[in-house]
Amino acid sequence: MKQLRLIRHALPLVAAGVCYGRLDVRADPAHTANAAAQLAQALPQGLHVRCSTLQRCEQLALELLRLRPDLTLKMDAHLVECGFGTWEGQRWDAIARAELDAWAQHFAHYRPGHGESLSAMLRRVQKALNEMDGNEAWITHAGVARCVQWLTTQPPGVLPATAMQWDAPAPAFGAWITVPV
């Protein structure tokens with residue numbers, strides 16, 4: 001069985017309480033360096049690393065490769081965070097309650113802010129999983145980590161009906177989890 005290390009980017013430089021999904025925000029440089037140092041010690045030799053194309057992930061990938069040149073890197077748009085459309089850059093508490101409720105009630109198919117639905121994101125992440133040919137590490141986002149966990153624990157084609165079913169933990173900023181795939 002293959003193993004996938006799901007690594008979350010370092011702490012983003014965005015105000016607390018802001019929906020930032022695909023906003024291309026930078027990560028804190030010191031937090032990035034600390035996360036890369038920990039990863040450099042933990043990852044096995046010659047591991048293939050795929051990375052979201054958003055800069056907060058790329059920062060961590062480049063710092064990690066500086067410390068571990070034996071690793072290979074590929075940027076992969078399949079690993080970007082969910083797109084929240086017009087919600088991005090807004091405070092969560094400024095988004096209309098009716099929109100948040102509609103998203104929670106029709107969680108798999110609702111397109112928050114006219115962005116990307118969870119069902120579309122799950123298909124995108126499944127494509128990335130299908131491309132794995134051995135153990136890998138992905139430098140990515142909380143949403144992608146949750147998608148991988150859903151896809152590896154649920155029967156094919158099953159979607160969460162409500163937000164209450166979407167409860168897989170995501171790694172903390174700069175941390176990782178290992179998932180059998």
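Here the structure is a predicted model, which is why all the values come from computation and not from measurement.
In the hydrophobic clustering of this structure, V148 groups with L79; members are Ile, Leu, Val, Met, Phe, Trp, Tyr whose side-chain heavy atoms approach within less than 4.5 Å, directly or through other members. Using a 4.5 Å cut-off between side-chain heavy atoms of Ile, Leu, Val, Met, Phe, Trp and Tyr, with links allowed through other members, L11 and I139 fall into different hydrophobic clusters. Grouping the Ile, Leu, Val, Met, Phe, Trp and Tyr side chains by contacts below 4.5 angstrom, directly or via other members, places L73 with L43. W87 and V18 fall into different hydrophobic clusters, where Ile, Leu, Val, Met, Phe, Trp and Tyr side chains are chained together by heavy-atom contacts under 4.5 Å. In the hydrophobic clustering of ILVMFWY residues, with side-chain heavy atoms under 4.5 Å counting as a link, V80 and L118 come out apart.
Considering all non-hydrogen atoms of both residues, Q149 and V179 come closest at CG-CG2, 4.3 Å. Considering all non-hydrogen atoms of both residues, A36 and L60 come closest at N-CD1, 3.6 Å. Closest approach of P160 and L122 over heavy atoms only: CD-CD1, 4.4 Å. Counting all heavy atoms, side chain and backbone alike, I177 lies closest to P169 at CD1-O, 4.4 Å. Of all non-hydrogen atoms in L159 and W150, the two that sit nearest each other are C-CZ2, 3.6 Å. A pairwise comparison of heavy atoms in L71 and G46 identifies CD2-N, 4.2 Å as the closest pair.
F84 and W92 have perpendicular rings, their planes meeting at more than 60° on a 0 to 90° scale where under 30° would count as parallel.
With E99 contributing its side chain and G113 its backbone, the two residues share no donor-acceptor pair below 3.5 Å. For R22 (side chain) and E81 (main-chain N/O), a donor-acceptor pair under 3.5 Å exists by modelled atom type. In this structure, the side chain of D24 does not engage the main chain of L54 through any donor-acceptor pair within 3.5 Å. No side-chain donor-acceptor contact under 3.5 Å links R68 to the backbone of Q41.
To the nearest 0.5 Å, atoms CG (D167) and CZ (R146) are separated by 9.5 Å. One distance of note links CD of Q126 with CG of L151; it measures 5.0 Å at 0.5 Å rounding. Separation of atoms CZ (R111) and OG (S119) is listed at 10.0 Å; rounding is to 0.5 Å. Note that SG of C82 and CD of E116 are 5.0 Å apart. Values are rounded to the nearest 0.5 Å. Between R5 atom CZ and W138 atom CH2 the span is 14.0 Å, to the nearest 0.5 Å. The CZ atom of R124 sits 7.0 Å away from the SG atom of C147 when rounded to the nearest 0.5 Å.
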Check against side chain to side chain contact (heavy atoms under 4.5 Å, CB included), H9 and F173: CA-CA 6 Å; H9 57 80; F173 293 119; 3.5 Å; yes
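The 12-atom threshold is not exceeded at NZ of K127, counting heavy atoms of other residues, nucleotides or ligands nearer than 6.0 Å.
Between the side chains of S52 and H141, a donor-acceptor pair is found at a separation under 3.5 Å.
Looking at M164 and F107, their side chains never come closer than 4.5 Å, going by heavy atoms from C-beta outward. The side-chain heavy atoms of D133 and K2, taken from C-beta on, include no pair separated by under 4.5 Å. For the pair L13/V25, no side-chain contact is recorded, criterion being any heavy-atom separation below 4.5 Å from C-beta on. Put simply, the side chain of L129 reaches to within 4.5 Å of the side chain of L4, judged on heavy atoms.
R50 and E136 are joined by a salt bridge, as a carboxylate oxygen and a charged side-chain nitrogen come within less than 4.0 angstrom of each other.
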